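Every value quoted in this text rests on a predicted model; they were computed, and no experiment measured them.
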Amino acid sequence: MCRNIRTLHNFEPPATEDEVHAAALQFVRKVSGATRPSQANAEAFERAVAEIAHVTRHLLDDLVSTAPPKDREIEAEKAKARAAVRYAR
């Protein structure tokens, strides 16, 4: 999985539209192999981002979890600790 695409499910507060859009953008960039599309492909690129964001929002709204929601700050601290261990080598 692309390191820039983050888990969005089961957080309190729920994922924002900006987070969903950012994940969709990273997905389309990864699949297309382009950070910025050419002018000829810009419309298709933006349409794909919008459609994937739309479907992602529906997915997040429909998913059910019995686990308690995660706290964003605690998860960020855990990620920083993992990164510190990984990059300390």
Side-chain angles (χ1 to χ4, degrees):
M1 184 200 277
C2 182
R3 289 185 186 175
N4 293 332
I5 299 177
R6 305 287 182 225
T7 301
L8 300 177
H9 174 60
N10 200 27
F11 278 97
E12 191 58 46
T16 65
E17 293 305 316
D18 287 341
E19 290 171 316
V20 171
H21 182 268
L25 179 60
Q26 286 298 325
F27 178 79
V28 172
R29 285 176 173 170
K30 187 71 167 183
V31 170
S32 69
T35 302
R36 293 185 186 171
S38 65
Q39 286 182 339
N41 294 323
E43 185 178 331
F45 191 91
E46 291 302 321
R47 185 174 55 249
V49 171
E51 289 177 8
I52 291 169
H54 179 76
V55 171
T56 300
R57 175 49 62 195
H58 283 290
L59 173 65
L60 292 173
D61 290 344
D62 292 346
L63 289 175
V64 179
S65 177
T66 57
K70 297 176 243 172
D71 183 287
R72 291 179 188 282
E73 292 179 14
I74 292 172
E75 294 301 316
E77 289 173 16
K78 289 180 187 177
K80 286 178 186 176
R82 286 191 303 269
V85 169
R86 181 178 10 185
Y87 297 118
R89 299 177 196 169

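- Put simply, NZ on Lys80 and CZ on Arg82 are 12.0 Å apart, with the number rounded to the nearest 0.5 Å.
- More than 12 non-hydrogen atoms from other residues, nucleotides or ligands lie less than 6.0 angstrom from CZ of Phe45.
- A distance of 11.5 Å separates CG in Asp18 from CG in Leu25, rounded to the nearest 0.5 Å.
- Looking at every heavy atom in both residues, Glu12 comes nearest to Pro69 through CB-CB, 3.7 Å.
- When all heavy atoms are compared, the tightest approach of Pro68 to Asn10 is O-ND2, 3.3 Å.
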| task | Check step by step if side-chain contact (heavy atoms from CB on, under 4.5 Å) holds for Thr56 and Leu60. | result | CA-CA 6 Å; Thr56 300; Leu60 292 173; 4.1 Å; yes
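- Distance check: Arg57 CZ to Ile52 CD1 gives 15.0 Å after rounding to the nearest 0.5 Å.
- Expressed to the nearest 0.5 Å, how far CZ of Phe11 lies from OG1 of Thr16 amounts to 12.0 Å.
- Both Val49 and Phe27 are part of a single hydrophobic cluster, where members link through side-chain heavy atoms under 4.5 Å apart.
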| said: Quick one, Lys70 with Thr7, criterion side-chain contact (heavy atoms from CB on, under 4.5 Å). Give me CA distance, side-chain angles, the key distance, then yes/no. | reply: CA-CA 11 Å; Lys70 297 176 243 172; Thr7 301; 4.1 Å; yes
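- Rounding to the nearest 0.5 angstrom, the gap separating the NE2 atom in His9 from the CG atom in Asp62 is 11.0 Å.
- Taking both residues in full, the closest heavy atoms of Ala53 and His21 are given as CB-CA, 4.3 Å, listed atom of the first, atom of the second, then distance.
- Closest heavy-atom contact between Arg29 and Thr35: NE-O, 3.3 Å.
- Atom CZ of Arg6 sits about 9.0 Å away from atom CD of Gln26, to the nearest 0.5 Å.
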